Asker: 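Provided herewith is a single structure, encoded as structure tokens, for subsequent inquiry.
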Amino acid sequence: MPSYKPQAVEAKWQRFWEENKTFRTPDDLSKPKYYILDMFPYPSGAGLHVGHPEGYTATDILARWKRMRGFNVLHPMGWDAFGLPAEQYAIQTGTHPRITTQNNINTFRRQIKMLGFSYDWDREVDTTDPGYFKWTQWIFLELYDTWYDTEAKKGRSIAELPIPADVKSKGESAVRAYQDSKRLAYQAEVPVNWCPELGTVLANEEVIDGKSERGSHPVIRMPLKQWMLRITDYAERLIDDLSVVNWPDPIKDMQRNWIGKSEGAEVDFELQIADCKLEESSKPRGERSELLGSIRVYTTRPDTLFGATYMVLAPEHRLVETITTPEQRTAVKEYQLAASRKSDFERTELAKKKTGVFTGAYAINPVNGENVPIWIADYVLASYGTGAIMAVPAHDERDFEFAQAFDLPIKPVVKLTEAWLKQTKSTLDNLSEPYCEEGVAFNSGEFDGLPTAEFKTKITAWLEGKGLGTKKINYKLRDWLFSRQRYWGEPFPILHELDAKGQPTGVKRAVPIQDLPLTLPVLEDFKPSGSPEGPLAKAKEWTHVTLDGKPYLRETNTMPQWAGSCWYYLRYIDPRNEAAFADPKLLNHYLPVDLYVGGAEHAVLHLLYSRFWHKVLFDRGYVNCPEPFKRLVNQGLILGQIEYYRDVIDGETVSAGEVEGKGLVSEQKKVPEDEVEVRGKKFFWTKDPTIELSARTDKMSKSRGNVISPDDVVEEYGADSLRLYEMFMGPLEATKPWSMRGVEGVYRFLNRAWRLIVDERADEVRLSDAVQDVAADKETERKLHQTIKRVTNDLDGLSFNTAISAMMEFVNHMTPLAVRPKSSLRTFVLLLSPFAPHLAEEMWQTLGGATTLAYEPWPAFDESLLQADSVEVPVQINGKVRAKIVVPAGLDSAAMEKAALADEKVQAQLAGKSIKKVIVVPGKMVNLVVG
RNA sequence: GCCGAGGUGGUGUAAUGGCAGCCACGCAGGAUUUAGGAUCCUGUGCCGCAAGGCGUGCGGGUUCAAGUCCCGCCCUCGGCACCA
């Protein structure tokens, strides 16, 4: 084997690693641990694409590096295998999802192993394995058993929930209902995304622009009884603890925005209805909220209360019926009906123009006693705040639009500056747009002159004093809709008690722990039932059970795909444990995950859900750290190769520039790369050089036909080249286009590295004659130590691309040498080994290594060997480089200045001018400021 | 609209405020080769024969010195989107 044959080398070392279990992670608690985690994939039928190995290669390089630095590295892989595609496939073909899933997993495993990643395969997990989802179900039961103690800010067992005396006195079922109302996992009637075409409920993230992600079927909102998880109880802690993790700021921002904390006040507006007005107004706040006497609103700008000229209720608000006057009843009913029929999509998309209807009722503005009309409009959401707002059109964009549409009064209460009025061409009585900034109050009675922040505090206190309002914090985050009407998911371990007639009593019971896992029933027909029970309801023998002599009906919903991925990082720590989800001793040792790498598409949901579950487990004492993932890095998207297009209009090709901005519609046709000519910054078509082409990179997709399969790349260039190219493309976090030419570039580099060491002309792999046991010359020594330093620092900073270019420079230095010192090459091979492990192992062996290099100590660099004897430094005159001088390294400022002034070119430039200032950066440059 | 990231050669990219373009791709020339491929060497930001000038999205500013810091715009991408 004279030349570099990746296929042979890679097969050989993959076999070696597998047979020797080189990357098994022993639970050696005496060594420092490093837990490095990939986001595990959903094994789709299409197999891996080149985007997957990007993150996996990065983590593998770090895992291998950390091992060489003496860490006990935990680096596992598994499968997030429940979910819709396998089920859809089952519906179409009749193949059981278990079988498709197994096939897909086998494909993914083969492909991932082909890339030579150093996973500990003994720790592989599969979310659809009963041994795994037993514990998903167990965690669900923990959530079911937990209530959130707002005083202690901590989840506690339901057994510890204090039962109020009046509840206790009403008996056992009242107590049970009270407990059920506090559990983190609870059932509730909520509006869901119902897709009639698919006959199932969809998650929000499965609905795109009001249509189903699969098949683009219409989705409507419909109230259904669903399982919910009370993630909102943890909202505050989910925000606060972002400050203790090392995550990219944009991701933290996205999570904060998603949770959407806002601080404001709830204010009660008394209804102007003769019957109840007086009798209710004396009631203490809190009790009154359920009565008819007032409407409660939420506002972040209580300082604009004096400018509230009307109120708006969501069409679904529970008081709409009661307050609507007989004259308005028909109009209100019609509006409510229309609103309920609209999908969320229509409600937002068509809401460019504000709509609404007057209820005929009035309320009293608590700060000035003025009557304000009450409207309903779908721009107010029932699900946020109190479902009702006070409208301050002068200082709120939406209220302003609405007020304009319906000719409602607009009353400014924050001082408008002259400049602003001028700029917006407004007058005090006639604003052209709302003023939404903070400012100083006016038109606000005794509060005139107060700045916004101070006003907010004062007015809130004033309202509290009168029992009319209180400080309030709201979140955009909603409780997590946790049930799906699907087959291929974890069944809920919950039983519904039946009475003698076979009707549910409303009493729920957890499946006893010893009966877990609760596996899925065998079904022939996986189709959605079209009813809220889901397909599991069809398995009658499965759904009906008797426990302790009582008949029960099993819960027939299944959990969403997020469930299994919420905690897989915990199972890796002790994947075969049958007595617990993991041994606490091991959990304490390996947690938290030191580095978590994955796509930014999981920036919010998966990471938020996972953190939530982790916090519950933390509160309940199962894990010892409040956050699961210490450091997070998002790998960027890999786009398809650059492609060139010509624009065709009515069969004629025209230049790219002629289409843009002229409202013309053209058909874009692909132009092969060899028909592209570069002229300046533009591209032209060789078949008609007057035609300018456009160039573009797109996301890889089947429909565009630009998907690159790792299988093909590995077949042609080998896994090491694929790995290296994935890292050489650019920064890990960046979005970047694929290029086969680029793969070839790194392939050539590996070939050059190979030829440094291996005798090309021999039949067997043997050391090249040029490699000898000699001491390295000074230059080589310096280059080597520079390379060690750069690679080490770059690995530390996850700058894999620059680490590779440093190694390329080293190889470029070594290539022309007739005699190459063996010790330098051994060091180089160690540096290369995390990146191109197969090739490195082979070269290590050729250089005399007895066994795997996976646990060889990482090379150290000697700072004293880094510095060259002399350096070239630029001499600038007024900031422009005019000369270069060569000076001994470490020369001081004064000497450098002297050397610069002695230079001929400098002398010439200085003729007839005087030096005003001299700046010397030792070892870097000299700048002479002359006049 | 709001939040965030980013605009550097023909391409991917690199540069603790200190010589812009490291390392690659591509291209050009040369060596080797029957030829092709592979390999090796040299050159390659733009304009210019050259001297030199101009160059990091655009316009200002700070500084001896700005791709990097500050202010104002433009464009691309990602996320959120009537959340009061």
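In this text, all values refer to a predicted model and were calculated from it rather than measured experimentally.
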Asker: Looking at A:Tyr384, I'd like to know whether one of its side-chain N or O atoms comes within less than 4.0 Å of OP1 or OP2 on B:A84.
Answerer: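 For A:Tyr384, the contact criterion (side-chain N or O under 4.0 Å from OP1 or OP2 of B:A84) is met.
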Asker: Remember a base hit wins even if backbone is also touched, and classify A:Ser262 as base, sugar-phosphate or nothing at under 4.0 Å, heavy atoms.
Answerer: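 Sugar-phosphate contact only - A:Ser262 comes under 4.0 Å of backbone atoms but never of a base.
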Asker: Verify the distance criterion only: is there a donor paired with an acceptor across the side chains of A:Tyr717 and A:Glu744 at less than 3.5 Å?
Answerer: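 Yes, A:Glu744 and A:Tyr717 have a side-chain donor paired with an acceptor closer than 3.5 Å.
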Asker: Compare the minimum distances between each of B:G4, B:C23, B:C25 and the side chain of A:Arg748, then state the nucleotide with the smallest one.
Answerer: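 Of B:G4, B:C23, B:C25, B:C25 is nearest to the side chain of A:Arg748.
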Asker: Taking atom types as they are modelled, would you say the side chain of A:Lys476 forms a donor-acceptor pair with the base of B:C80 within the 3.5 Å cutoff?
Answerer: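 Result: no qualifying N/O pair found.
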Asker: Among B:G18, B:C19, B:A84, which nucleotide sits nearest the side chain of A:Met925?
Answerer: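 When the side chain of A:Met925 is considered, B:G18 is the closest of B:G18, B:C19, B:A84.
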Asker: Quickly work out the A:Arg882 CZ to B:C19 P distance and round it to whole Å.
Answerer: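 In whole Å, B:C19 P lies 16 Å from A:Arg882 CZ.
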Asker: Give me the distance, rounded to whole Å, that separates B:U42 from B:C22 when you measure between the P atoms they each carry.
Answerer: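 The same atom, P, in both gives a distance of 15 Å.
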Asker: If we call it a pair only when both distances are under 3.5 Å in a Watson-Crick or G-U wobble match, what pairs with B:A84?
Answerer: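 B:A84 is unpaired by these criteria.
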Asker: Does any nucleotide pair with B:U68 by Watson-Crick or G-U wobble geometry, both distances under 3.5 Å, and what is it?
Answerer: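 WC or wobble partner does not exist here.
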Asker: Among the nucleotides B:A14, B:G18, B:G26, which one has an atom lying closest to any side-chain atom of A:Val921?
Answerer: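 The nucleotide sitting nearest to the side chain is B:G18.
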Asker: Respond yes when some side-chain nitrogen or oxygen of A:Lys917 is under 4.0 Å from OP1 or OP2 of B:C64, and no when none is.
Answerer: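 Result: yes.
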Asker: Of the nucleotides B:C23, B:A14, B:C64, which one has an atom closest to the side chain of A:Asn927?
Answerer: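 Side chain of A:Asn927 sits closest to B:C64.
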Asker: Of all the choices, B:C19, B:G4, B:G10, which nucleotide is nearest to the side chain of A:Pro250 once you look at every atom?
Answerer: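 Shortest atom-to-atom distance from the side chain points to B:G4.
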Asker: Who does B:U44 pair with, Watson-Crick or G-U, both distances under 3.5 Å?
Answerer: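 Matched B:U44 with B:G26 under the 3.5 Å cut-off.
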Asker: Check every atom of B:C23, B:G18, B:A84 against the side chain of A:Val380 and return the nucleotide holding the closest atom.
Answerer: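 The answer is B:A84, which lies nearest to the side chain.
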Asker: Touch check for A:Pro731, heavy atoms < 4.0 angstrom, all strands: base, sugar-phosphate only, or nothing?
Answerer: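 Sugar-phosphate, no base atom in range.
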Asker: Please tell me if the side chains of A:Tyr384 and A:Ser262 come closer than 4.5 Å, counting only heavy atoms from C-beta onward.
Answerer: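 A:Tyr384 vs A:Ser262: side chains touch.
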Asker: Tell me which nucleotide, if any, is Watson-Crick or G-U wobble paired with B:A5 when both distances must be under 3.5 Å.
Answerer: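 Here B:A5 is engaged in a pair, and the nucleotide opposite it is B:U76.
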Asker: Using a 3.5 Å distance criterion without hydrogens, assess whether the side chain of A:Ser768 forms a donor-acceptor pair with backbone atoms of A:Asp759.
Answerer: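 Judged by distance alone, no pair lies under 3.5 Å.
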Asker: Among the nucleotides B:A84, B:C23, B:C64, which one has an atom lying closest to any side-chain atom of A:Asn812?
Answerer: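 For the A:Asn812 side chain, the nearest candidate turns out to be B:C23.
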Asker: Is A:Lys880 near enough to B:C54 that one of its side-chain N or O atoms lies under 4.0 angstrom from OP1 or OP2?
Answerer: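 It does, given that an N or O in the side chain of A:Lys880 lies less than 4.0 Å from OP1 or OP2 of B:C54.
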Asker: For B:A31, give its Watson-Crick or G-U wobble partner with both distances under 3.5 Å, or none.
Answerer: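 The base-pairing partner of B:A31, which may sit in any strand shown, is B:U39.
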Asker: Does A:Lys884 make a side-chain N or O approach to OP1 or OP2 of B:C19 shorter than 4.0 Å?
Answerer: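 No.
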Asker: List the steps, then state whether salt bridge (charged side-chain N to carboxylate O under 4.0 Å, His left out) holds for A:Glu726 with A:Lys736.
Answerer: CA-CA 10 Å; A:Glu726 296 258 3; A:Lys736 38 210 180 281; over 6 Å; no
Asker: Select one nucleotide: of B:G78, B:G79, B:U13, the one nearest the side-chain heavy atoms of A:Met254.
Answerer: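 Nucleotide nearest to A:Met254's side chain: B:G79.
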Asker: Below 4.5 Å, heavy atoms only, C-beta onward: do A:Val811 and A:Leu756 meet side chain to side chain?
Answerer: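 Yes, at least one pair of side-chain atoms sits under 4.5 Å.
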Asker: With RNA chain B as reference, determine whether A:Val604 or A:Asn801 sits nearer its 5' end, using the nearest nucleotide of each.
Answerer: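 It is A:Asn801 whose nearest nucleotide is closer to the 5' end.
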Asker: Which nucleotide, B:G10, B:A84, B:U13, lies nearest any side-chain atom of A:Val678?
Answerer: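 So the nucleotide nearest the side chain must be B:G10.
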Asker: Which nucleotide wins on minimum distance to the side chain of A:Arg741, given the candidates B:C25, B:C23, B:A14?
Answerer: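 The closest nucleotide is B:C25.
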Asker: What I'd like to find out is whether the side chain of A:Leu724 reaches to under 4.5 Å of the side chain of A:Leu750, using heavy atoms alone.
Answerer: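 Yes - at least one pair of side-chain heavy atoms lies under 4.5 Å apart.
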Asker: Base, sugar-phosphate or nothing for A:Arg752? Non-hydrogen atoms, less than 4.0 Å.
Answerer: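 The answer is sugar-phosphate, as A:Arg752 gets under 4.0 Å only of primed atoms, P, OP1 or OP2.
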Asker: Paired with B:G17 by Watson-Crick or G-U wobble geometry, both distances under 3.5 Å: which nucleotide is it?
Answerer: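 Base-paired to nothing in any strand shown.
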